[in-house]
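One-based numbering along the sequence shown. In this text the structure is predicted, and so the values were computed from the model without any measurement.
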Amino acid sequence: MSGLLFLSSAVVFLGVTAEVDLEGIKAQKCFDPLSSKALSEAVDAAIVSLNGEPGWLHNLRQSTGYTHPIQVTTCTPQASQWPWPEAGENQGILSRVLRTGELRVAGVQWSQDGAADYMTDPANPTGFWPEYLKDIAAQMSRRYGKTINIKRVYYPNSVLVVAAVANGTDVDMSEPYYYISGFHDGKPRIEALHYSCVTVATSSAFESTSSSGIMSMTDLFNRIVDGPNRKVGFIGQGNFDAVSHILPANVEPTFVTDSDELIAKVDSGELLARYISEGEAAVTGGRTIYETGVISPRVVLFRQDSTSDCVSAAALATALDAEKDFQKAREQDWQGRLKAAEADDDDGGGKIILLIVLAVVVLLMTGLLGLLIMKERAGKPLFGKPLLEDSARGQPIGNSF
């Protein structure tokens, strides 16, 4: 029985160490202080609330003159299904935003008619995208009863923007115009980062001079293949990533954040074309705009939560606790086995005494029987009368079988 107890203790220990409940550890012991989960939920709730307002997107398009965005609904605008996270000290980045009343947003400085102008007055940009973010902040302010101001943090390019968002220390999220496609740190953005509901989607295009003879994607593709000029201009890495699969492998992307500078480089012939993230086919002013056929969803990017370090430490602690429990159970088992052995020793002593007594009794009975036989044969029975008598025929008296 004690052996079975020891074996069962070992099995329990092996089961605990082999199947540590990581999800339980995450829920009970681990929390990412830079978690974006609550903030992203708040932004999603704001986007859903805005899209649920009749005519909101239409009015935003009209007021900014930027009518190109396409509404793509990845989050059904039913407010009751998109609860706002509670305010509190354990809500990661959202807790800091609500405590300071400041939402730090990462982006680049660029300008395009109607879409956005982050160049003229960087602290107070204008256009479709700045207004979109302003409305998100207004929804959050209304929900939490506190004014939330937008603090923009600009970076030289989108690669640095995404890196800052992924880090989560200097900024809280990105602007709402970022592609969900693209890459970060060798991984797809969709896996390396967290992201919001789709804000809108845009169909992209390229623009070349009419004199270049490039009138379509086929023309651009062939011109890049033939060379020698294979340069195409983009405002950022994410833009190139969104359409790189439809361009030849030998294309030479050139990144310029200023749209006027990009146009000048196309006009001078330095670039074969420039990428327009939001554009429709047109021929105007000596330029030809031709669509890529690619529609790109736009989102707010957030840091991906991580509790891996915490989970590793907690899992180790859990395993060590299990080992301690096992060692304790094993010690108790050995103590139990020792007591059982001692008890067995005690019982064994009693059995030996009993055997000795029985042996003595047997010896006494054997001796007594021998004495009876001897007396009988000597004719001097102990009981005064012989047990056997001779008959006339020399047969024992009594019945015979």
Less than 3.5 Å apart, which donor and acceptor atoms pair up between the side chains of residues 165-174 and the rest of the protein, not counting sequence neighbours?
from: N167; atom 1: OD1; to: T169; atom 2: N; distance (Å): 3.3
from: N167; atom 1: OD1; to: T169; atom 2: OG1; distance (Å): 2.3
from: D172; atom 1: OD1; to: R96; atom 2: NH2; distance (Å): 3.2
from: D172; atom 1: OD1; to: R104; atom 2: NE; distance (Å): 3.3
from: D172; atom 1: OD1; to: R104; atom 2: NH2; distance (Å): 3.0
from: D172; atom 1: OD2; to: R96; atom 2: NH2; distance (Å): 2.5
from: D172; atom 1: OD2; to: R104; atom 2: N; distance (Å): 2.8
from: S174; atom 1: OG; to: L301; atom 2: N; distance (Å): 2.8

Query raised in the report: Judged by atom type as modelled, is there a donor-acceptor pair below 3.5 Å linking the side chain of R230 to the main-chain atoms of V225?
Result: yes
Query raised in the report: Any side-chain heavy atom of Y195 within less than 4.5 Å of one from L193?
Result: no
Query raised in the report: Do the side chains of K37 and H194 get nearer than 4.5 Å, heavy atoms only?
Result: no
Report task. Assess the side chains of S40 and S196: does a donor N or O sit below 3.5 Å from an acceptor N or O? Result -> no
Report task. Report yes or no: do Y177 and T202 form a side-chain donor-acceptor pair below 3.5 Å? Result -> no
Query raised in the report: Is the backbone of W110 close enough, under 3.5 Å, to the side chain of T257 for a donor and an acceptor to pair up by distance?
Result: no
Report task. Measure from the side-chain N and O atoms of S204 to the backbone N and O of T292, and report whether any donor-acceptor pair falls under 3.5 Å. Result -> no
Query raised in the report: Under the 3.5 angstrom rule, does the side chain of S208 hit a backbone N or O of L272 as a donor-acceptor pair?
Result: yes
Query raised in the report: When you measure from the side chain of D117 to the backbone N and O of T126, does any donor-acceptor pair fall under 3.5 Å?
Result: no
Query - Donor-acceptor pair between S158 and Y178 side chains, under 3.5 angstrom - result: no
Requested in this report: Keeping the roles fixed (side chain from R143, backbone from A45), state whether a donor-acceptor pair exists under 3.5 Å.
Outcome: no
Query raised in the report: Backbone N or O of D305 within a donor-acceptor pair of the S35 side chain at under 3.5 Å?
Result: no
Query raised in the report: Any side-chain donor paired with an acceptor under 3.5 Å for Y179 and R298?
Result: yes
Query raised in the report: How are the rings of F240 and F255 set relative to one another: parallel (under 30°), tilted (30 to 60°) or perpendicular (over 60°)?
Result: perpendicular
Requested in this report: Determine the minimum heavy-atom distance between S296 and V294, stating which atoms define it.
Outcome: OG-CG1, 3.8 Å
Query raised in the report: Backbone N or O of G127 within a donor-acceptor pair of the T64 side chain at under 3.5 Å?
Result: no
Query raised in the report: Are there more than 12 heavy atoms of other residues, nucleotides or ligands under 6.0 Å from atom CG of D113?
Result: no
Query - Check: I214 main-chain N/O paired with R223 side-chain donor or acceptor under 3.5 Å - result: no
Report task. Measure from the side-chain N and O atoms of N229 to the backbone N and O of K231, and report whether any donor-acceptor pair falls under 3.5 Å. Result -> yes
Tell me which donor-acceptor pairs under 3.5 Å the side chains of residues 72-87 have, and how far apart each pair is, sequence neighbours excluded?
from: T74; atom 1: OG1; to: V198; atom 2: N; distance (Å): 3.1
from: W82; atom 1: NE1; to: T76; atom 2: O; distance (Å): 3.0

Query - Pairs involving residues 129-140, ordered by first then second residue, that meet side chain to side chain donor-acceptor pair (under 3.5 Å) (sequence neighbours left out) - result: E53-Q139, W56-D135, E131-K134
**Report entry** Within-4.5 Å side-chain heavy-atom neighbours: M140 and L94
**Finding:** yes
